[in-house]
Amino acid sequence: MNRKETTKFLSNLLIHSRFSGMGKYWASEVSIDHFSSIKGGRVDFMQFEPQNQCSVGALEKGIFICYEIKSCKEDVYSGNGLNFYGEKNYIVTTMQCYKDILPSLNDGTFVKHLRDTNPESSMHFGILVAIPFMRDKYSEFEDPTPISDDISWRLEVIKPCNNGPRNKSITELLFCMVRSGH
């Protein structure tokens, strides 16, 4: 698969695995600070998870999760954004891409790149990787399976994300999600 097809594959996998079902609130291509003088960004996918839907207080305790789809190492470092505005943030990628960026994750150059390209982004992020069903992440790491529509896939957390602070209000982020129209 080429870069565009891989991005579409990962996007569809994310939608089917994380956003399907009742009570899922999400949007794609969410623009943040689009009309302000502050440099904004576009988040590939944003999800809102309320604590529950029984009270206003529970809604206000909800968290935002941002997902950035990255098909390859070049995509990660392209400058097209790793925009993390949520309490949780994930890069969604292939195992091969994860293996390619792993050295920069371990030596700190990835976090430096993130700070340089978007200082507003949260440093609290995890990584979700596409893995074939019936295969564990350790076997997949040793011998990555080429992306193909002939195989059933799932997303697996390969690097967990710890909750971090959110700098934008719940109202602003929900408005940005609604405005995206997706």
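Since the model is a prediction, treat every value here as computed from it, not as a measurement.
Of the inter-residue distances, the one linking L155 atom CG with L10 atom CG reads 7.5 Å to the nearest 0.5 angstrom. Between the SG atom in C176 and the CE atom in M46 there is a gap of 7.0 Å [rounded to 0.5 Å]. Atom CD1 in I65 sits 10.5 Å away from atom CZ in F48 (nearest 0.5 Å). Remark: K99 NZ to I158 CD1 distance equals 10.5 Å, nearest 0.5 Å. In this structure, the separation between CD1 on I101 and CD on Q96 is 11.5 Å, given to the nearest 0.5 Å. The distance from atom CD of E29 to atom OG of S11, rounded to the nearest 0.5 Å, is 8.0 Å.
With N83 contributing its side chain and R42 its backbone, the two residues share a donor-acceptor pair below 3.5 Å. Not one N or O on the side chain of R154 forms a donor-acceptor pair closer than 3.5 Å with the backbone of A130. A distance-only check finds a donor-acceptor pair linking the side chain of N89 to the backbone of G86 [under 3.5 Å].
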Apply the test side chain to side chain contact (heavy atoms under 4.5 Å, CB included) to residues L102 and F141: give CA-CA distance (whole Å), side-chain angles for both, the deciding distance (0.1 Å), then the verdict. CA-CA 11 Å; L102 187 58; F141 182 83; 3.9 Å; yes
message: What verdict does the side chain to side chain contact (heavy atoms under 4.5 Å, CB included) test give for Y67 and I91, after you've listed the backbone C-alpha separation in whole Å, the side-chain angles of each residue and the deciding distance to 0.1 Å?
response: CA-CA 6 Å; Y67 301 90; I91 295 171; over 6 Å; no
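Within a 6.0 Å radius of NZ in K8, other residues, nucleotides and ligands contribute 12 heavy atoms or fewer.
Contact record, G41 with Y85: N-OH, 3.5 Å, taken as the closest heavy-atom pair. Nearest heavy-atom pair across K159 and F125 is NZ-O, 3.0 Å. Residues R135 and S139 share a closest heavy-atom pair of NH2-O, 3.0 Å. Across all their heavy atoms, S148 and F9 have their closest contact at O-CE1, 4.5 Å. The two residues I151 and P146 make their nearest non-hydrogen contact at CD1-O, 4.4 Å. The minimum heavy-atom distance linking Y77 with S104 is given by the pair OH-OG, 2.5 Å.
Relative to the six-membered ring of F64, K88 misses at least one condition, a distance below 6.0 Å or an angle of at most 45° to the axis. Annotation: cation-pi geometry satisfied between R18 and Y90 (NZ/CZ under 6.0 angstrom from ring centroid, within 45° of ring axis). In this structure, K73 fails the cation-pi test against Y98, since its NZ or CZ atom is not both closer than 6.0 Å to the six-membered ring centre and inside 45 degrees of the ring normal.
In this structure, the side chains of I131 and M95 come closer than 4.5 Å at one or more pairs of heavy atoms. Side-chain atoms of Y25 and Q47, non-hydrogen and from C-beta on, never get closer than 4.5 Å to each other. The shortest side-chain heavy-atom distance between D75 and K70 falls under the 4.5 Å cut-off. Using a 4.5 Å cut-off on side-chain heavy atoms (C-beta onward), E140 and P132 make contact. Side chains of T94 and C97 form a contact here, defined as non-hydrogen atoms less than 4.5 Å apart. In this structure, I127 and L105 have side chains that are in contact, with non-hydrogen atoms separated by less than 4.5 Å. Annotation: side chain of E68 is in contact with side chain of V43 (closest heavy-atom distance under 4.5 Å).
For E5 and R3, the salt-bridge test fails: no basic side-chain N is under 4.0 Å from an acidic carboxylate O.
In summary, of the residues considered (L13, T93, V92), a side chain to side chain contact (heavy atoms under 4.5 Å, CB included) with L128 occurs for V92 alone. A side chain to side chain contact (heavy atoms under 4.5 Å, CB included) with F175 holds for exactly one of M177, E172, R179; it is R179.
Between F19 and W26, the ring-plane angle classifies as parallel under the 30° and 60° cut-offs.
Following chains of ILVMFWY side-chain contacts shorter than 4.5 Å, one cannot reach L173 starting from L59, and the two form parts of different hydrophobic clusters.
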